[in-house]
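Below, chains carry the letters A, B, ... as their sequence lines are ordered, and counting in each starts from 1.
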Number of protein chains: 2
Amino acid sequence: MKQEKKLNVTLQQVAKHAGVSRSTASLVMRGSPSITPATRDKVLASMQELGYVYDRVAANLRSKDSSTVGLIIMELSNTFYSELLVGLHHKLDKCGKTIILGTTFDSAEIQDRLLSTMLEHRVAGIILSAVPGSPSEPIDQICKLGIPVVLIGRKLDTKLCDYVGIDNVLGGQLATNHLIEQGHRRIAFIGGYSLLSSWRGRKEGYDFSLSLAGIDIDSDLVVESPATLQGGVDSIQKVLSLPNPPTAVFCYNDSIAIGAMMKMKEMGVIPGQDVAVVGFDDIPEASIITPKLTTISSAPRLMGVHAARLLQARMEGLSTKPQYVILQPELVVRESSAYAHPENLPGNAAAKKTRLA
Amino acid sequence: MKQEKKLNVTLQQVAKHAGVSRSTASLVMRGSPSITPATRDKVLASMQELGYVYDRVAANLRSKDSSTVGLIIMELSNTFYSELLVGLHHKLDKCGKTIILGTTFDSAEIQDRLLSTMLEHRVAGIILSAVPGSPSEPIDQICKLGIPVVLIGRKLDTKLCDYVGIDNVLGGQLATNHLIEQGHRRIAFIGGYSLLSSWRGRKEGYDFSLSLAGIDIDSDLVVESPATLQGGVDSIQKVLSLPNPPTAVFCYNDSIAIGAMMKMKEMGVIPGQDVAVVGFDDIPEASIITPKLTTISSAPRLMGVHAARLLQARMEGLSTKPQYVILQPELVVRESSAYAHPENLPGNAAAKKTRLA
DNA sequence: CCTGTTTACTAGATCGATCTAATACGAGTA
DNA sequence: TACTCGTATTAGATCGATCTAGTAAACAGG
């Protein structure tokens, strides 16, 4: 554990070398205007010569501010989060904050441990994509400690922290309406868990659109599963082996949709032609897979930027009431829903659309 | 910037509340064996009651050790790095290290700034996937300061730090040999930049295999480009419009291969049938795309684990000579190279293989 | 020439922990 | 009883910076 045998160069030593006081050297470090160019250069030269490295940790201890923010997410292999990170990183860099990273793999226990670790590291704020179903008390306590928390993508019961997310209900409606417009009447909703607030939102939109179109909701067509490729494989198998299988599926996210399409191909069902598929998130893979996936774009990068902005505002002490940023999802129509369902459609141009490859 | 208006609970206050000294409270924190269970419980109870949070930053300042490690990579949208992070994170968690993250987007300037930031944060070590062509002096200096650096994936000229990577030459050979065995004699190598040590390695393997098979190297068939989807799109267009186009392409990485296959479909060329494609890395998308991509597996997760292991050993002060861990790549044959090239092949079973969807 | 104000710099306390060296105390031994 | 010895605990210095309050010099105005 111990390291750094070599004695570090301290500001004290720099000051001595330059023939000034600790305080002066410190002021030079921080670019104080009340320092003569002559002494400033002298100190800077000494720093250069001695190979001085600023100790931000010591500085933060005394000045009681922090130059780090914590980022806690489920996992990075999920493209949604890595995209989110791009936006976040870019914005935080600008205000001189460094990111401390933790991944929960959706374990509430790990999440608690990570939150503690972040606190111990004196982060200036935390951006959290909470483990579904995790209690909100620990997070409330952190907020009360004066450390701002921004929730991202997944909502919790707390009324103390900011939240950035998308309108899942609208997203669910967009997807379901699109499938209904293509002539489908048996539409499944597969993947994800009802524990997730986002799942409940998308389901609500799905229910709403169906009932608006006068379609009865068949609970057999709703299948929960992990929000992964494998989850998609399992769920699609389940609904397609029903006595009265769906002609379209709305998937909780793109990973599930991709898994579902892979399994369909294996089963000899042509996705986009025999069964329409709509995903959610618009991850890069969505436009790569064949057929290209129709999906709901949730602009993860933009969510990152917004989260950073909210956190930044709060770190600067603007203590307003909790803010909610709800981004509007957009329907991106691609090949996986290009063929209209033959039934109930008078003259459909969409069915004549050709599919690539 | 300033925050934490509420006075933090300090070990001092805990000690006072429990009726012991600072030192005793500190010993309790660290689980010293020479503490009576009675006083231990008393202190623990006080901590609980006052809502004490350990200040790891202050502790690190005094004890001169660090509980963070820096991770500097190009970007996270690249699945290779997020996979790598999974392995790394898992291993570092176990030894109580927290990750400070930085992404360079392959800018040498950003890399330098990130390295400084990491030093200022007193990281115990750095894991670095260096920007290609960046100078090695700054990194050498960090090593000399006693902070171990593990290079990952991309090699630099320095002889001071550990390195984890794969055998790129072997990978290049595996890919090229496979295509030669399928009957191809005009094989392109597309994407990536010769600045990258990994590019040079793969190219070397490609050259070696070709010359071993008695095939002349045609410099028109080697195209450099960014290592992205778009790079693949551009490069494949270039080589396929040659007067004598290749029948097979070996791509610097999977992103390029996927971009190339997308463009081929657009051009009416069937990847895997008209032109064989081999990628590199085996990212998750490789087994999702149609046709499924033949590729060279570089086990990014394993690389993460190895990097963490090396760093850990060095942080514990075992100051041995620089270590090099070179992982063996593996050829993963899928659909994109399933059809053998008709010329030069007596009786080929592979050509009869069917393609899904 | 004296006073008041600004400017450039500094000594010493401080952040919240750990480390060192010294303490008090009970048990064991002569 | 006195003397060691080991154990549990502690006071005070310390890590490397910042902050507070203050000093000495330069300069202006009456």
A.B. asks: Can you measure Y52(B) atom OH to dG16(C) atom C1' for me and round it to whole angstrom units?
C.D. replies: 8 Å
A.B. asks: Please determine, for the side chain of A58(B), which listed nucleotide (dG16(D), dA17(C), dT9(D)) has the closest atom?
C.D. replies: dA17(C)
A.B. asks: Given atom CE of M47(B) and atom P of dA17(C), what is their separation to the nearest angstrom?
C.D. replies: 9 Å
A.B. asks: Looking across every strand, which nucleic acid part, if any, lies under 4.0 Å from L27(A) by heavy atom: base, sugar-phosphate, or nothing?
C.D. replies: base
A.B. asks: Taking R154(A) first and then D106(A), would you say they form a salt bridge - that is, a charged N and a carboxylate O separated by under 4.0 Å?
C.D. replies: yes
A.B. asks: L119(A) CG to dG16(C) C1': how many Å, rounded?
C.D. replies: 16 Å
A.B. asks: Using distance alone, with no hydrogens and no angle criterion, decide if T104(A) and Q111(A) have a side-chain donor and acceptor under 3.5 Å apart.
C.D. replies: no
A.B. asks: For dG16(D), take OP1 and OP2 only and decide whether either is under 4.0 Å from a side-chain N or O of K64(B).
C.D. replies: yes
A.B. asks: Does the S66(B) side chain pair with the main chain of R122(B), one donor and one acceptor, at a distance under 3.5 Å?
C.D. replies: yes
A.B. asks: If you look at every strand shown and take non-hydrogen atoms under 4.0 Å, does T36(B) touch a base, only sugar-phosphate, or nothing?
C.D. replies: sugar-phosphate
A.B. asks: Of the candidate nucleotides dC15(D), dG12(C), dT9(D), which contains the atom at the shortest distance from the side chain of L61(B)?
C.D. replies: dC15(D)
A.B. asks: Contact class for V57(A) (heavy atom, under 4.0 Å): base, sugar-phosphate, or nothing?
C.D. replies: nothing
A.B. asks: May I ask you to evaluate whether S21(B) reaches the phosphate of dT10(D), defined as a side-chain N or O under 4.0 Å from OP1 or OP2?
C.D. replies: yes
A.B. asks: Nearest-nucleotide wise, let me know which of L11(B) and A25(A) is further upstream toward the 5' end of DNA chain C.
C.D. replies: A25(A)
A.B. asks: Go through the side-chain N and O atoms of T24(B) and S21(B) and say whether any donor and acceptor fall under 3.5 Å apart.
C.D. replies: yes
A.B. asks: Side chain of I35(A) only, please: which of dT10(D), dA17(D), dC9(C) is the nearest?
C.D. replies: dC9(C)
A.B. asks: Could you tell me whether the phosphate oxygens of dT9(D), OP1 or OP2, come under 4.0 Å of any side-chain nitrogen or oxygen in T39(B)?
C.D. replies: yes
A.B. asks: Using whole Å, what does the distance between atom P of nucleotide dT9(D) and atom CZ of R40(B) come to?
C.D. replies: 12 Å
A.B. asks: Ignoring backbone atoms, test whether S34(A) places a side-chain nitrogen or oxygen under 4.0 Å from the OP1 or OP2 oxygen of dA8(C).
C.D. replies: no
A.B. asks: Does R122(A) make a side-chain donor-acceptor contact with the base of dG16(C), cut-off 3.5 Å?
C.D. replies: no
A.B. asks: What integer distance in Å separates R62(B):CZ from dA13(D):P?
C.D. replies: 12 Å
A.B. asks: Regarding dG16(D), can its base be found pairing with the side chain of R56(A) as donor and acceptor, where the two atoms are less than 3.5 Å apart?
C.D. replies: no
A.B. asks: For Q13(A) and dG16(D), what is the distance between atoms CD and C1' respectively, to the nearest whole Å?
C.D. replies: 10 Å
A.B. asks: Does any N or O in the side chain of D55(A) come within less than 3.5 Å of the main-chain N or O of V57(A), such that one atom is a donor and the other an acceptor?
C.D. replies: yes
A.B. asks: Look at D140(B) together with K159(B) and state whether they make a salt bridge at an N to O cut-off of under 4.0 Å.
C.D. replies: no
A.B. asks: Can you find a donor-acceptor N/O pair under 3.5 angstrom joining the side chain of S23(A) to the base of dA11(C)?
C.D. replies: yes
A.B. asks: Tell me: CG of D65(B) to C1' of dC19(C), nearest whole Å?
C.D. replies: 13 Å
A.B. asks: Whole-Å distance between dA8(D) P and R22(B) CZ?
C.D. replies: 21 Å
